[in-house]
Amino acid sequence: MLAGSAAAADDPDGRDGATCRTAVEGSRVTAYCHNPHPRTDHVRLHVECARWWDLDADSASVAVPPTAYVEVTERCWKEVRSAWISHASVPDPGPGT
């Protein structure tokens, strides 16, 4: 997952979600997510640092509305061991809300 860029598994649970890829530059990881689907997806970037004393990082949940694009960034102090994206579907409000 740490080559210059790695694609996250698309739609791992059979649901519509944002398509994301990660890029690692030094100790910084950026997730680039685009949602081509009609439902909002919430994404979180998770970063595992290589050094035992370096705290791992989990971003806040970021909403990716339909047709939207977001970037989420986290970092380690030193080297990055791995990075991945998690998804959480949010039910869309019904009509008239």
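No experiment lies behind these values; they were computed from the predicted model shown. For reference, positions follow the sequence shown, starting with 1. Atom set for the values below is all heavy atoms of this structure, side chains included, hydrogens, waters and symmetry mates excluded.
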A side-chain contact here means heavy atoms from C-beta on lying under 4.5 Å apart; do Asn35 and Pro65 qualify? no
Grab the two heavy atoms, one from Pro36 and one from Gly17, that are nearest each other, plus how far apart they are. CD-O, 4.3 Å
If I take atom CZ from residue Arg44 and atom NE2 from residue His87, how far apart are they, to the nearest 0.5 angstrom? 12.5 Å
Please report the shortest heavy-atom distance between Val43 and Val64, naming the atom on each side. CG2-CG2, 3.9 Å
Run the numbers on Lys78 and Trp53 for side chain to side chain contact (heavy atoms under 4.5 Å, CB included), then give the verdict. CA-CA 10 Å; Lys78 292 281 189 178; Trp53 46 261; 3.5 Å; yes
Closest contact, heavy atoms only, Gly26 versus Val80: O-CG2, 4.1 Å
Side chain of Arg75, backbone of Arg28: donor and acceptor closer than 3.5 Å? no
Determine, stepwise, if the pair His34 / Cys20 fulfils side chain to side chain contact (heavy atoms under 4.5 Å, CB included). CA-CA 6 Å; His34 173 256; Cys20 299; over 6 Å; no
Nearest-0.5 Å distance, OG1 of residue Thr19 to OH of residue Tyr32: 16.0 Å
May I ask you to check whether Thr30 and Glu71 show a side-chain donor-acceptor distance below 3.5 Å? no
Any donor-acceptor N/O pair, Ser59 side chain to Leu45 backbone, under 3.5 Å: yes
Taking every non-hydrogen atom, the tightest pair across Asp41 and Ala88: OD1-O, 3.4 Å
Gap between atom CD of Glu74 and atom CD of Glu48 - 0.5 Å precision: 14.0 Å
Say whether, by atom type as modelled, one donor and one acceptor occur between the side chain of Thr22 and the main chain of Ala31 under 3.5 angstrom. no
Can you give me the closest heavy-atom contact between His46 and Ile85, atom names plus distance? CD2-C, 4.3 Å
Stepwise side chain to side chain contact (heavy atoms under 4.5 Å, CB included) test for Ser61 and His42: CA-CA 6 Å; Ser61 180; His42 280 169; 3.2 Å; yes
For Trp77, is there any backbone N or O sitting under 3.5 Å from a side-chain donor or acceptor partner on Asp54? yes
Spell out, as yes or no, whether a donor-acceptor pair under 3.5 Å connects the side chain of Asp56 to the backbone of Cys49. yes
Might you work through the side chain to side chain contact (heavy atoms under 4.5 Å, CB included) test for Val47 and Cys76, ending with a clear yes or no? CA-CA 8 Å; Val47 177; Cys76 295; 3.6 Å; yes
